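Below are the structure tokens for one structure; questions will follow.
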Amino acid sequence: MVNTKAEALGIIFPNSYDALVPELVSERLMASIPFASRYRMCDFIISSMVHSGIDNISLIVRKNYHSLLDHLGTGREWDLVRKNGGLNIVPPFAQKQVKVYAGRIEALESIRGYLKKQTEKYVILSDANIAVNFDFDSLLDAHVKSGADVTMVYRKQEIPQGMIRQSTQNMDLYYALGLNGDRVSKIYINPTEGGEMNFSLNIYVIGREQLIDMIDEAYLHGYTYFVRDVLDRQIDNLDIRGYCYEGYVAHIHDTKSYFEENMRLLNEENLNALFSGNQIYTKIRDDNPTRYINGSKAKNVMVADGCVIEGEVENSVLFRGVHVGKGAKVKNCVLMQDTIIEEGARVEYVITDKNVTVTEGKSLTGNDSYQVYVAKGQVV
């Protein structure tokens, strides 16, 4: 295997696809959406990079990034406290040239000076709307051995219907790849065809110096999107390779998919597929173990630390500090941090954001195709 561990830096775009989940990002960004009872979406890509020896990681934020700053802090939990490299969060207007960007080209151009100063040979670009335990070692090794200019990660699957529907409203771009062997011969932009396609996971590897040259040229022409405006225009001139990822992926593209991807993890096979590889790191919250009070019932649940269960919980994902009161019934729900379900309340097919209270005796009911969402801090 090619020794590429010290030769790559990571750049993550934490606001990508925010428009697809407006309820969940009203006070945060995609990367800091809570997921799988104790994690945030960004934990998976960052942890995967760290396990592959990538210790120089930047997140270029656009808006609503306070929760991300609070979650990541100095990067200690991910072993990213370094004199050189480490964790680098780039907010708008941090420097004169860093502004609120419209697309990846503007985002990368705003950190051009930073990229010029780095010594790593390769750059890995990624969004944060997927939960995946990814082996970046194998990706880098394949990229180097192929001699490609760019490597694009894809997965064989149908295009998510929620993404097709949302893209027509919000102009968010997604891609599928046409392949000749492992060479990308065509990039399909927002395809709507049914059936299995080579769906791009928006993870790319490219040489750092080549990336700087490409972005400079694109910025001068007023281009916005890296794939549509740069890679697709030069597909005949660049050696672009596809890299097929066959592991488990939780893909967030609307609120319904957020609910479904959390619920999928109640299946032990899916849970093991996502977490049985390298450890996924997250911010530590020193809390008591979950307590199940006499008379409580729990069936098929994922429960984080700090919870208190006095009532009944079934087929649900509970984040840290959730309290289910005596006589309360929770079924098919995703309850975020410090949610309180008071005595006698009933909730089914409900997503609560942080610090929500459902008061005594109240009933909230959605269904498997439409879940009730309760915003952060609300009292019902």
Side-chain angles (χ1 to χ4, degrees), residues 18-28 30 32-41 64 67 131 161-162 165-166 250 252-267 270 285 287 290-380:
D18 279 359
L20 301 185
V21 285
E23 302 94 338
L24 296 171
V25 298
S26 61
E27 297 185 37
R28 60 170 72 89
M30 175 65 79
S32 59
I33 291 176
F35 185 74
S37 84
R38 63 190 299 264
Y39 302 92
R40 302 294 182 106
M41 290 300 297
N64 287 356
S67 63
Q161 287 299 310
R165 182 177 62 253
Q166 294 277 5
I252 308 303
H253 49 80
D254 57 15
T255 303
K256 186 173 185 291
S257 68
Y258 171 78
F259 175 82
E260 291 174 344
E261 293 294 357
N262 273 285
M263 299 301 283
R264 282 178 67 194
L265 295 177
L266 295 176
N267 182 314
N270 295 331
R285 168 171 155 167
D287 214 332
T290 290
R291 291 186 293 152
Y292 296 88
I293 308 303
N294 289 340
S296 65
K297 296 180 180 179
K299 179 181 179 181
N300 194 33
V301 294
M302 177 186 290
V303 183
D305 52 307
C307 295
V308 178
I309 311 298
E310 298 182 82
E312 299 181 20
V313 184
E314 182 179 354
N315 296 335
S316 296
V317 177
L318 275 57
F319 289 75
R320 291 163 167 164
V322 170
H323 186 174
V324 178
K326 186 176 181 180
K329 293 187 177 181
V330 175
K331 185 176 181 180
N332 300 319
C333 292
V334 176
L335 307 182
M336 293 190 200
Q337 185 171 308
D338 296 322
T339 291
I340 298 174
I341 310 297
E342 293 188 348
E343 290 188 16
R346 295 170 178 256
V347 290
E348 184 170 2
Y349 287 106
V350 171
I351 303 170
T352 64
D353 212 310
K354 295 171 63 175
N355 300 304
V356 164
T357 299
V358 179
T359 56
E360 184 176 349
K362 293 296 190 300
S363 178
L364 286 177
T365 304
N367 55 55
D368 58 354
S369 59
Y370 183 83
Q371 296 78 43
V372 175
Y373 172 77
V374 184
K376 181 178 179 180
Q378 296 298 307
V379 177
V380 180

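Quantities reported herein were computed from a predicted structural model and do not represent experimental measurements.
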Would you mind reporting whether T339 and V374 have side-chain heavy atoms less than 4.5 Å apart? no
On a heavy-atom basis, the closest approach of L24 and M336 is CD2-CE, 3.8 Å
Taking C-beta and beyond as the side chain, do T290 and I309 meet within less than 4.5 Å on heavy atoms? yes
Gap separating the CD atom of E348 from the NZ atom of K331, nearest 0.5 angstrom: 5.5 Å
How about V379 and K362: do any of their side-chain heavy atoms sit closer than 4.5 Å? no
About how many Å separate CD1 of I340 and CD of E360, when rounded to the nearest 0.5 Å? 13.0 Å
Heavy-atom side-chain proximity of Y349 to V372 below 4.5 angstrom: no
Can you tell whether the side chains of D287 and R38 come within less than 4.0 Å, N to carboxylate O? no
Show the numbers, then the answer: is there a side chain to side chain donor-acceptor pair (under 3.5 Å) between H323 and E310? CA-CA 8 Å; H323 186 174; E310 298 182 82; 2.7 Å; yes
To the nearest 0.5 Å, how far apart are CD in Q378 and OG1 in T357? 10.0 Å
So which heavy atom on A298 is nearest to which on Y292, and how close? CB-CE2, 3.8 Å
Measure the shortest side-chain to side-chain distance between R264 and N267 over non-hydrogen atoms and say whether it is less than 4.5 angstrom. no
Heavy-atom nearest pair, A304 first then S37, reads CB-O, 3.2 Å
Carboxylate-amine/guanidinium proximity below 4.0 Å for K256 and D254: no
Just how far is it from atom CG of N332 to atom CG of N315, taken to the nearest 0.5 Å? 5.0 Å
Hey, does the side chain of Y373 reach the backbone of E23 with a donor-acceptor pair shorter than 3.5 angstrom? yes
M41 side, atom CE; Y258 side, atom OH - distance, nearest 0.5 Å: 9.0 Å
Crowding at CZ, R346 (>12 non-hydrogen neighbours, <6.0 Å): no
Going by heavy atoms in the side chains, are Q371 and T255 under 4.5 Å from each other? no
dist E27:CD -> D353:CG (nearest 0.5 Å) comes out at 7.5 Å
Nearest non-hydrogen partners of R285 and D305, listed with the distance: O-OD2, 3.4 Å
Look only at the side chain of S257 and the backbone of H253, and say whether a donor-acceptor pair between them is shorter than 3.5 Å. yes
Any donor and acceptor pair, going by atom type alone, linking the side chain of N270 with main-chain N or O of L266 inside 3.5 Å? no
Close side-chain approach of R28 and P34, heavy atoms under 4.5 Å: yes
Check whether more than 12 heavy atoms from other residues, nucleotides or ligands sit under 6.0 Å from atom CZ of R291, and answer yes or no. no
Member of L364, T359, V358, V313 meeting the side chain to side chain contact (heavy atoms under 4.5 Å, CB included) criterion with I341: V358
Main chain of E314, side chain of S316: is a donor-acceptor contact present, judged purely on distance under 3.5 Å? yes
